[in-house]
Amino acid sequence: MKARKLQALLAVSALGCLAAAQTQVPKGPEFEVASIKPMKGIPDRTFFGLRPGGHFFANGVATKFLIEEAYGVKDSQLVDVPSWLSTDRYDIDAKCDEATAAALNKMKPEARNEQIKLMLQALLADRFKLSLGHETKDLSVYALLIARNGPKLTPSASKPAEKSPDMPRTPGMGGGAQPGIMMNGRGQLTETYGDMDMLANALSRFAGRPVVNKTGLTGRYDLTLKWTPDDAEMAGMGGGPRPGGDAAPPPPDPSGPSLFTAVQEQLGLKLDPQKTPMEVLVIQHVEHPTEN
């Protein structure tokens with residue numbers, strides 16, 4: 001009997017300690033209100049970003065892309081992905097409270113982007129009921145390396161606009177006015193005041209596997225990359241008519257180089273296939289979002 005009472009007391013004590021520990025965990029940043037609605041029409045591109053005042057917006061965004069952005073992972077780092085995460089697209093309009101918005105406005109772009117990631121994680125957990133598991137696997141990647149004849153990169157003449165409002169951006173293309181990467185039509189990428197990590201992240205969208213920066217280059221560069229995308233790369237960029245009837249961007253030159261050739265000839269870099277251990281996220285549960 002005494003042993004049973006002791007076990008019960010220990011169990012209650014353990015639960016009390018656990019509850020105390022949980023209450024001491026600080027609550028992360030969240031959006032105060034968020035509207036999520038299914039997108040009408042067929043999107044050609046996805047736009048999302050942060051407007052002044054802590055106003056986050058997204059148009060035509062797939063849930064899978066939101067997860068990738070929120071957790072900083074690539075397509076091949078998601079496991080057990082339901083098909084609707086890629087096909088169903090949403091328009092999102094979310095706002096921070098005044099205190100959070102003021103704090104975001106004072107942050108440098110890198111710190112602000114990290115906070116937005118945490119807020120997206122909270123949004124996914126709350127409205128999409130997303131839960132994830134974490135594993136490490138050997139994945140096929142491309143290492144971004146310096147080619148034999150050396151890099152052909154122009155050091156940037158631009159300066160970062162630390163407090164300028166963030167502008168709309170396309171998937172994986174960086175954020176804010178500077179530094180950033182933009183897609184100027186299909187098969188043309190322009191980087192302004194960007195580093196090699198930013199370029200590797202952008203190339204991951206089109207290379208078919210994650211691109212890992214192993215150049216050793218630490219500078220900031222302005223560059224333009226032009227290539228002729230194949231069918232898989234075209235799917236990553238979006239296709240068809242734009243919502244509202246606008247014409248789609250003109251197709252790239254069919255006689256142009258492949259992505260791999262363009263990276264080597266135009267930038268003096270190369271994409272080398274390798275295997276490396278990387279974290280993967282296992283989707284354990286996810287639901288279609290509630291609209292309000």
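Small disclaimer: the values here were computed from a predicted structure and weren't measured. Count residues from 1 along the sequence.
- Take Gln115 and apply the side-chain hydrogen bond (donor to acceptor under 3.5 Å, both in side chains) test, not counting sequence neighbours, and it matches no residue.
- Here the OH-CG distance, from Tyr71 to Leu120, works out to 9.5 Å after rounding to the nearest 0.5 Å.
- Residue pairs that meet the ring-ring contact (aromatic ring centres under 6.0 Å, His included) test with at least one member in residues 132-154, sequence neighbours left out, are Tyr142-Phe260.
- Among residues two or more places apart in sequence or in another chain, the salt bridge (charged side-chain N to carboxylate O under 4.0 Å, His left out) test is passed with Asp91 by none.
- With a 6.0 Å radius and a threshold of 12 heavy atoms from other residues, nucleotides or ligands, Asn149 has its CG atom at or below the threshold.
- Under the side chain to side chain donor-acceptor pair (under 3.5 Å) criterion, no residue pair touches residues 76-88, with sequence neighbours excluded.
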Would Leu269 and Leu145 count as a side chain to side chain contact (heavy atoms under 4.5 Å, CB included) if you check the C-alpha gap in whole Å, the side-chain angles of each, and the deciding distance to 0.1 Å? CA-CA 6 Å; Leu269 307 174; Leu145 304 171; over 6 Å; no

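- Distance check, rounded to the nearest 0.5 Å: CG of Leu139 to NZ of Lys275 gives 7.5 Å.
- Contact of the Tyr90 side chain with the His288 side chain is registered, since non-hydrogen atoms from C-beta on lie closer than 4.5 Å.
- Neither side chain, Ser204 nor Asn201, offers a donor N or O lying under 3.5 Å from an acceptor on the other.
- Gln274 pairs by the side-chain hydrogen bond (donor to acceptor under 3.5 Å, both in side chains) definition with Lys214, Asp272, not counting sequence neighbours.
- Pairs engaging residues 261-284 under the ring-ring contact (aromatic ring centres under 6.0 Å, His included) rule: none recorded [sequence neighbours left out].
- Proximity of Thr63 to Leu124: side-chain heavy atoms (C-beta onward) are separated by under 4.5 Å at one or more points.
- Rounding to the nearest 0.5 Å places CZ of Phe206 at 8.5 Å from CG of Leu259.
- Taking all atoms of both residues into account, the shortest heavy-atom contact from Ala262 to Trp227 is CB-CB, 3.8 Å.
- To the nearest 0.5 Å, atoms CG (Leu130) and CG (Leu132) are separated by 4.0 Å.
- Shown here are the side-chain hydrogen bond (donor to acceptor under 3.5 Å, both in side chains) partners of Asp126, two or more places apart in sequence or in another chain: there are none.
- Within the structure, salt bridge (Lys or Arg N to Asp or Glu O under 4.0 Å) contacts touching residues 115-125 (residues at least two apart or in different chains) are Glu114-Lys117.
- Scanning all heavy atoms of the two residues, the minimum distance from Arg89 to Gly60 falls at NH1-O, 2.8 Å.
- Between the CE atom in Met198 and the CD atom in Glu191 there is a gap of 6.0 Å [rounded to 0.5 Å].
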Checking side chain to side chain contact (heavy atoms under 4.5 Å, CB included) for the pair Met278/Lys137: CA distance, chi angles, key distance, verdict? CA-CA 6 Å; Met278 296 186 72; Lys137 292 185 176 182; over 6 Å; no

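- Remark: the backbone N or O of Phe128 is not paired with any side-chain donor or acceptor of Glu287 at under 3.5 angstrom.
- Hydrophobic cluster membership is shared by Ile36 and Ile116, with clusters built from Ile, Leu, Val, Met, Phe, Trp and Tyr side chains linked at under 4.5 angstrom.
- Side-chain atoms of Lys129 and His285, non-hydrogen and from C-beta on, do get closer than 4.5 Å to each other.
- Proximity of a side-chain donor or acceptor of Lys152 to a complementary backbone N or O of Glu265 within less than 3.5 Å is detected.
- For the residue pair Asp222 and Thr154, no side-chain donor N or O sits within less than 3.5 Å of a side-chain acceptor on the partner.
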Pair Val79, Leu281 - check side chain to side chain contact (heavy atoms under 4.5 Å, CB included), show working. CA-CA 6 Å; Val79 180; Leu281 301 180; over 6 Å; no

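- Residues passing the side-chain hydrogen bond (donor to acceptor under 3.5 Å, both in side chains) test with Lys270: none are found, sequence neighbours excluded.
- Residues meeting the salt bridge (charged side-chain N to carboxylate O under 4.0 Å, His left out) test with Lys64, sequence neighbours left out: Asp75.
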Step-by-step side chain to side chain contact (heavy atoms under 4.5 Å, CB included) determination, Ile67 to Leu78: CA-CA 9 Å; Ile67 297 172; Leu78 290 178; 3.9 Å; yes

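- Looking at heavy atoms from C-beta onward, Thr276 lies out of side-chain contact with Asp138 at the 4.5 angstrom threshold.
- The side-chain heavy atoms of Asp93 and Val33, taken from C-beta on, include no pair separated by under 4.5 Å.
- Tracing side-chain contacts under 4.5 Å through hydrophobic residues (I, L, V, M, F, W, Y), one reaches Leu267 starting from Leu144; they form part of the same cluster.
- Using a distance-only test at 3.5 Å, with no hydrogens or angles considered, a donor-acceptor pair links the side chain of Arg112 to the main chain of Met107.
- Considering every non-hydrogen atom in both Leu85 and Val81, the closest pair reads CD1-CG1, 3.7 Å.
- Classification of Arg205 and Glu69 as a salt-bridged pair holds, one side-chain N sitting under 4.0 Å from a carboxylate O.
- Linking ILVMFWY residues whenever their side-chain heavy atoms come closer than 4.5 Å, directly or via other members, places Leu271 and Leu217 in the same cluster.
- For the side-chain contact (heavy atoms from CB on, under 4.5 Å) test, residues two or more places apart in sequence or in another chain that qualify with Ala122 are Glu30.
- Lys37 NZ to Ile92 CD1: the interatomic distance, rounded to the nearest 0.5 Å, is 12.5 Å.
- In terms of heavy atoms, Cys96 sits closest to Met119 at SG-CE, 3.1 Å.
- A side-chain contact (heavy atoms from CB on, under 4.5 Å) with Leu153 is found for exactly one of Met196, Arg220, Gln266, namely Met196.
- Proximity of a side-chain donor or acceptor of Asn213 to a complementary backbone N or O of Thr215 within less than 3.5 Å is detected.
- With hydrophobic clusters built from ILVMFWY side chains whose heavy atoms lie under 4.5 angstrom apart, Val141 does not share a cluster with Ile146.
- No side-chain donor-acceptor contact under 3.5 Å links Thr224 to the backbone of Thr190.
- The list of ring-ring contact (aromatic ring centres under 6.0 Å, His included) pairs with a residue in residues 98-117, not counting sequence neighbours, is empty.
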